[in-house]
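Here is the naming used below: chain letters follow the sequence lines, and residue numbers restart at 1 for every chain. In what follows, every heavy atom counts, from backbone to side chain, and hydrogens, waters and symmetry copies are set aside.
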Amino acid sequence: MIREQLKSHITLAIQAAQAAGDLPSFEIPTFTVDHPRQANVADYAASIAMQLARVTRMPPPQIAQTIVKHLELGEVATAELVGAYINFRLSQKYLTEQVAVILEAGKAWGHINIGAGKPIQVEHGSANPTGPLTVASGRNVIIGDTLANALSAAGYAVHREWYVNDAGNQIRHFGESVYARYAQQLGRDEPFPDDGYKGDYINDIAKAIIAAEGDKYISLPRDDARRALGKIGIDAIMDGVRASLIRVSIHHDNFFSERSLYESGQFERVLPILRDKNLLIEYDDALWFSEDGSPIRKTEVRGLKPEDGQEKSEVRSQKSESKEQKTEAVQVVVIRSPKIIAEPSERPTYFASDIAYVWNKLVLRGFERAIYVWGEDHQGDVPRLMAVTKALGLDPKRVELLIYRFITLMRDGQEVRMGKRSGNIVTIDDVVDEVGSDATRFVLLSRSIDTKIVFDIDLVKKQSDENPVYYVQYAHARICSILRKAEETTDTRLGGADSHVATDLTTVAETLDHQAPLLEYQHPSELALIRKLLELEEVVELVSGQLQPHHLPAYAQSLATTFSAFYRDCHVLGEAPEVTASRLRLVRATQATLANTLALMGMSAPERM
RNA sequence: GCCCCAAUGGCGCAGUGGAUAGCGCGUUUGGUUGCGGACCAAAAGGUCGGGAGUUCGAAUCUCUCUUGGGGCACCA
């Protein structure tokens, strides 16, 4: 990447200056080369001279001058001093060459290799398998999938996983619900459980089971029937979820069963690690994890209100003693208890699963990093997962938890309230049916994960003409139109081959891709466009490094805008043959960049709209 | 009460310790005898919530206050 190149040039210049005695001896600190806030100032700028003022005891402008004196940039760029800033402007020659680089890379343009093939897991989705995929979970999977795309482009070996919560109380309620509907449809007078799932889809599942297997479960003992029907129901739900995911271009490498952590004995094998460190404590008939191994007191039980004033004041005085203590609240969580479920051996708590699961990810499967995409409702669970990761002797930096804020769905000017239990849900399918997958993905990606998104279905539909998603795709379609037109009017200017070869867009594109560069680009709008194309690598670095997918839509829009300026200023077809050919190559490179950006976001790049 | 997140033009949001804080929408005024007008240009619009601190330099880091959102079940 050009930014890295410039950095190493600066480093070399500093070392040369030191060797020549122009700068004193010191260790070069980490520094950055950035885009100036105002693009017309320079392409890149370094403020290293100001950083070095103290260590060199020289005035910053003089340091900058000294560095520039020793800078050898070749024909890549020119350096200019502005005060203590070293400003770089990429040369026309360099920029022109980059178009060939982009065309050569093609679909791989934008791929960088900071990941070096390291195995990394992105777990996303993982909604309870008790109902269809909701639009609320849509943000989860779309964030996760896009990050996985970006990490993959950044050179990591990415594994995409969905964690199926197929154990626990919710699953029991779900099984009971399916059983009740099943029995009711077979004419039994079966009461529907109070905690049951009331959605119509439960009826559909029951109906399908009856159609496929008849009434055979009715004669089984109730608990057995409940379990069996629950399992069938989960499979049915997950089949539906998978179908919904495909519609938004999301693929998981694995659907990991929570239950398998117990059935395989993994959980029982991990537990001794904590026991050996004396971090497991028996209290009140339950098994607890205590981060520092201290005994459990009632006041420490998460969420339990102190029962008398004395304990309460004890807690308060402890908290207010020092600020360090406040931030390091000890994590105390129950692992299993007969109060949660009568047979704790069958299935401990959700947190117990988390323990075995993180061990499974980092140790058994050897992912260097495990990224979790969680909704804000799980925000409170972050400290305990980090605590147990540490307790297992694993580097907590390997676990990265992304907490995104929920979306508010609006329809007919009103907020749509959702709840899986009540059956009042808006599925991702509903939204995709109305506004399409591309718009759904773009809208849900367009803001930082810390920002609540108001997804107004009517607005997204109504505004479609002015919607950024169409603006971006329009730019791509327009490019394709130019390439098509080039094919119609083609002659030898398209690169030596006989003029009848180009029969479709692909052929034109391939011809362009392998053509030798003809002219050096010099129009400001041409050069601005190339600079913008080069940013894709930086965006991939940014998104994968900071795990912030919202930079992608922003870049896509900015790229489309820059292309529009070029389109306005630089006519492509019908110019002098070399000009047309050069600009066609640039247009083609823009198409590749735009298409790759859209692909990272999981969106289509339409040739016509 | 404790924890997490946020506060940046009218609205919605970007912003990596660095130069004159950007983008979209909206508003105003313009632009087509051109490869797709689903387009483009110009203008107006900011004490970056308040205060203190660190730093050569703070929208960005620290502390504090204010306001808003979320989380604080032996639920998942």
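Take A:Ala167 and apply the side-chain contact (heavy atoms from CB on, under 4.5 Å) test, not counting sequence neighbours, and it matches A:Glu258, A:Arg347. Listed by chain and residue number, nothing satisfies the side chain to side chain donor-acceptor pair (under 3.5 Å) test with A:Tyr521 (two or more places apart in sequence, or in another chain). With sequence neighbours excluded, no residue forms a side chain to side chain donor-acceptor pair (under 3.5 Å) with A:Thr408. In this structure A:His551 satisfies the side chain to side chain donor-acceptor pair (under 3.5 Å) test together with A:Gln548, sequence neighbours excluded. For A:Phe256, the side-chain contact (heavy atoms from CB on, under 4.5 Å) partners at least two apart in sequence or on another chain are A:Glu161, A:Tyr163, A:Asn254, A:Ser260, A:Leu261, A:Tyr357, A:Asn360, A:Arg365. By the salt bridge (Lys or Arg N to Asp or Glu O under 4.0 Å) test, A:Glu537 is found to be paired with no residue, residues two or more places apart in sequence or in another chain being considered. With sequence neighbours left out, the side-chain contact (heavy atoms from CB on, under 4.5 Å) criterion links A:Arg478 to A:Tyr474, A:Phe563, A:Ser564, A:Tyr567. The side chain to side chain donor-acceptor pair (under 3.5 Å) test applied to A:Ser525 returns A:Asp569, not counting sequence neighbours.
Judged purely by distance below 3.5 Å, without hydrogens or angles, the side chains of A:Thr146 and A:Arg441 pair a donor atom with an acceptor atom.
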Within the sub-3.5 Å range, which N or O atoms of nucleotides 54-57 of chain B have a protein N or O partner, and how far apart are they?
unit_1: B:rC56; atom_1: OP1; unit_2: A:Arg54; atom_2: NH2; d: 2.1

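The salt bridge (charged side-chain N to carboxylate O under 4.0 Å, His left out) analysis of residues 539-555 of chain A, with sequence neighbours excluded, yields the pairs A:Arg3-A:Glu541.
Using a 4.0 Å heavy-atom cutoff across all strands shown, A:Gln379 reaches at least one base atom of the nucleic acid. A:Ala45 comes within contact range of at least one nucleobase, with a heavy-atom separation under 4.0 Å. Nucleic acid contact class of A:Val82 (heavy atoms, under 4.0 Å, all strands): base. Residue contacts for A:Asn87: at a heavy-atom cut-off of 4.0 Å it reaches a base atom on one of the strands shown.
B:rG22: Watson-Crick or G-U partner is B:rC13, with both key distances under 3.5 Å. With a cut-off of 3.5 Å on both pairing distances, the Watson-Crick or G-U wobble partner of B:rU62 is B:rA52. Across all strands shown, B:rA6 pairs with B:rU67; the Watson-Crick or G-U wobble distances both stay below 3.5 Å.
The nearest pair of heavy atoms linking A:Leu445 to A:Pro549 is CD2-CB, 3.9 Å.
For the contact set between residues 440-450 of chain A and RNA chain B, defined by any heavy atom under 4.0 Å, the members are A:Arg447, A:Ser448, A:Asp450.
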Any chance you could lay out the ring pair (Phe, Tyr, Trp, His ring centres under 6.0 Å) test for A:Tyr197 and A:His173, step after step, and finish with the verdict?
CA-CA 7 Å; A:Tyr197 288 83; A:His173 295 321; 7.4 Å; no
Nucleic acid footprint by protein, nucleotides 27-36 of chain B - heavy-atom cut-off 4.0 Å, B for base, S for sugar-phosphate alone:
-------BBB
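Taking side-chain N and O atoms only, A:Tyr470 has no distance below 4.0 Å to OP1 or OP2 of B:rC39. The side chain of A:Thr451 places an N or O atom within less than 4.0 Å of a non-bridging phosphate oxygen (OP1 or OP2) of B:rA14. In terms of phosphate contacts, A:His173 brings no side-chain nitrogen or oxygen within less than 4.0 Å of OP1 or OP2 of B:rA76.
In this structure, A:Ile48 atom CD1 and B:rA19 atom P are separated by 16 Å, rounded to whole Å.
Taking the C1' atoms as reference points, B:rU66 lies 31 Å from B:rA73, given to the whole Å.
Residue A:Tyr85 and nucleotide B:rA19 are classified as a stacked aromatic pair, their ring centres being separated by less than 5.5 Å at an interplanar angle below 30°. In this structure, A:His378 packs face-to-face on the six-membered ring of B:rA76, meeting both the 5.5 Å centre cutoff and the 30° plane limit.
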